[in-house]
Amino acid sequence: MNKKPGFSPRLIAMALALGAAASNANAGVLAQGVLEIKNFFLTDTAGTPLKESDFAAFVANHNTDAFAKLNGVTVSDSRSDNVYPYTMDLPQQSVGANPYGENDYTHRPPIYSTNYARTDTFLSGNSINYDKSDTFPGSGSATGVTAQVVGEVSLNTTGEATTQANLGLQADFVLPTTRKIRLQFDADDYLLAFLGPLAKVPGSTAFASSSWSAALTGDDGTSYTFAPNGVLDAGELLDPCSLNTSRSRLINGVSTYSCIGSFAVESPTLTAGVLYQLAIRHTISTDADKLVPEPGTLALLGAGLVAGMFGATRRRREQA
């Protein structure tokens, strides 16, 4: 008895899968980095915010710069500000079909959307109490600094995207008495690198990194750097997790990082009358490359497989 010709269930499933893959959102690439610093203060060794009158001289300058690049198109901007009250809101730098608005620091899930690259930065507040009425009348108490940076790239077609955003502080100061000072703040660091299941062609990548450091130097030779790494080093009081790390994917899947905690560090003894400089650097970088078959190619491959099955069945029937 002749066996009735038919389709292999395995081939049918393969064809259907290829057809579905043509519109599968999981073919994308996404990388995001968000680093938020809040409640940043300069304090004495008891944790009380310093006042302007605690310094013989204190001059601060804040700066920010950011760029976003998608398939060869780049946008960028930069700002600098030394006027109290300190507020810098850099306009979002965006290329492509970005669905997110200004100052969106939401953590993304591992699902890409459209082709875009975006960066954004925001800073507000003051780290000390400006209590000298002749300098900043009615300034009131220290509010603490909020500093936020985001970089994000998404690809759903073959291409490349990259971003970088920076916030910086430079404070030059002189103390009237020999003493130590502290830096304390809360941080939320989030990194995501995601390659969808179809992003398997060698060369597809997703990368996100964060970095934060405070460097203290002085005319007396003082040199001290605080770069949180999750380990208590000399002078560090609180260092629960790293703010200097990265996540990447070279094969399909997702890699994430989250650091939420309070940080504090105490300076070496600083000498009265010496000029010191505090330089803080706060950076997020992201990068994505996508090299995968286009959805149309996958759809044609699925259609060709189905056509081949019909042709093979017809030939078997004609030979029977």
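Quick note: residue numbers are just sequence positions, from 1.
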Q) For D89 and N103, what are the C-alpha separation, side-chain angles and deciding distance, and is it a side-chain hydrogen bond (donor to acceptor under 3.5 Å, both in side chains)? A) CA-CA 8 Å; D89 187 359; N103 293 323; 3.2 Å; yes

Do [X] and [Y] sit in the same hydrophobic cluster, where Ile, Leu, Val, Met, Phe, Trp and Tyr count as joined when their side-chain heavy atoms come under 4.5 Å apart?
X    : Y    : result
W212 : M88  : yes
F58  : F40  : yes
F207 : V254 : no
L175 : V274 : yes
L183 : L270 : yes

(Q) Taking ring pair (Phe, Tyr, Trp, His ring centres under 6.0 Å) as the cut-off, I'd like each qualifying pair that reaches into residues 240-268, sequence neighbours left out, listed once. (A) F185-F263

**Q.** V153, T286, D104, V95 screened by side chain to side chain contact (heavy atoms under 4.5 Å, CB included) with R118, the one that passes
**A.** D104

Does [X] reach the main-chain N or O of [Y] with its side chain, forming a donor-acceptor pair under 3.5 Å?
X    : Y    : value
D239 : E236 : no
D188 : I260 : no
S127 : L42  : no
H282 : L35  : yes
E160 : D289 : no
N129 : L50  : no

Q. Where do T157 and N115 land on the side-chain hydrogen bond (donor to acceptor under 3.5 Å, both in side chains) test, with the steps shown first?
A. CA-CA 7 Å; T157 59; N115 286 350; 2.7 Å; yes

Between [X] and [Y], which heavy-atom pair has the shortest distance, and what is it?
X    : Y    : result
T269 : T178 : CG2-CG2, 3.5 Å
P99  : T114 : CD-OG1, 4.3 Å
S213 : A227 : CB-CB, 4.2 Å
T119 : A165 : CB-CB, 4.1 Å
A60  : N82  : O-CB, 3.3 Å
G125 : T143 : CA-OG1, 3.4 Å

Q: Would you check, one step at a time, whether the test side-chain contact (heavy atoms from CB on, under 4.5 Å) holds for L155 with L70?
A: CA-CA 9 Å; L155 295 172; L70 175 66; 3.7 Å; yes

Who are the side chain to side chain contact (heavy atoms under 4.5 Å, CB included) partners of [X], not counting sequence neighbours?
X    : result
D77  : R79, L90, P91, Q93
S76  : F67
N63  : N61, S80, R281
T177 : R179

Q. When you look at R182 and V265, which way does the side-chain contact (heavy atoms from CB on, under 4.5 Å) test go after all the steps?
A. CA-CA 6 Å; R182 288 184 183 178; V265 62; over 6 Å; no

Look up atom [atom1] in [X] and atom [atom2] in [Y], then write down how far apart they are to the nearest 0.5 Å.
X    : Y    : atom1 : atom2 : value
T271 : D219 : OG1   : CG    : 11.0 Å
L243 : S211 : CG    : OG    : 9.5 Å
H62  : L167 : NE2   : CG    : 9.0 Å
S154 : I111 : OG    : CD1   : 11.0 Å
N156 : Y116 : CG    : OH    : 10.5 Å
Q164 : S285 : CD    : OG    : 3.5 Å

Not counting sequence neighbours, which residues clear salt bridge (Lys or Arg N to Asp or Glu O under 4.0 Å) with [X]? List them please.
X    : value
E36  : none
R247 : none
K38  : none

Is the closest side-chain heavy-atom distance between [X] and [Y] below 4.5 Å?
X    : Y    : answer
N98  : Q92  : yes
Y100 : E152 : yes
L191 : T256 : no
P110 : L192 : yes
T245 : S210 : yes
D172 : L275 : yes
F41  : T48  : no
L123 : T64  : no

Under the rule for side chain to side chain donor-acceptor pair (under 3.5 Å), what residues qualify as partners of [X], not counting sequence neighbours?
X    : value
D220 : T222, Y276
D65  : N166
D44  : none
R249 : none

Q. Just checking, any donor-acceptor pair under 3.5 angstrom between side chains of S262 and D186?
A. yes

Q: Kindly determine whether I181 and F173 satisfy side-chain contact (heavy atoms from CB on, under 4.5 Å), including the steps that lead there.
A: CA-CA 12 Å; I181 63 173; F173 64 91; 4.0 Å; yes

Q: Please step through side-chain contact (heavy atoms from CB on, under 4.5 Å) for the pair T163 and K69, ending with a clear verdict.
A: CA-CA 6 Å; T163 69; K69 181 178 180 181; over 6 Å; no

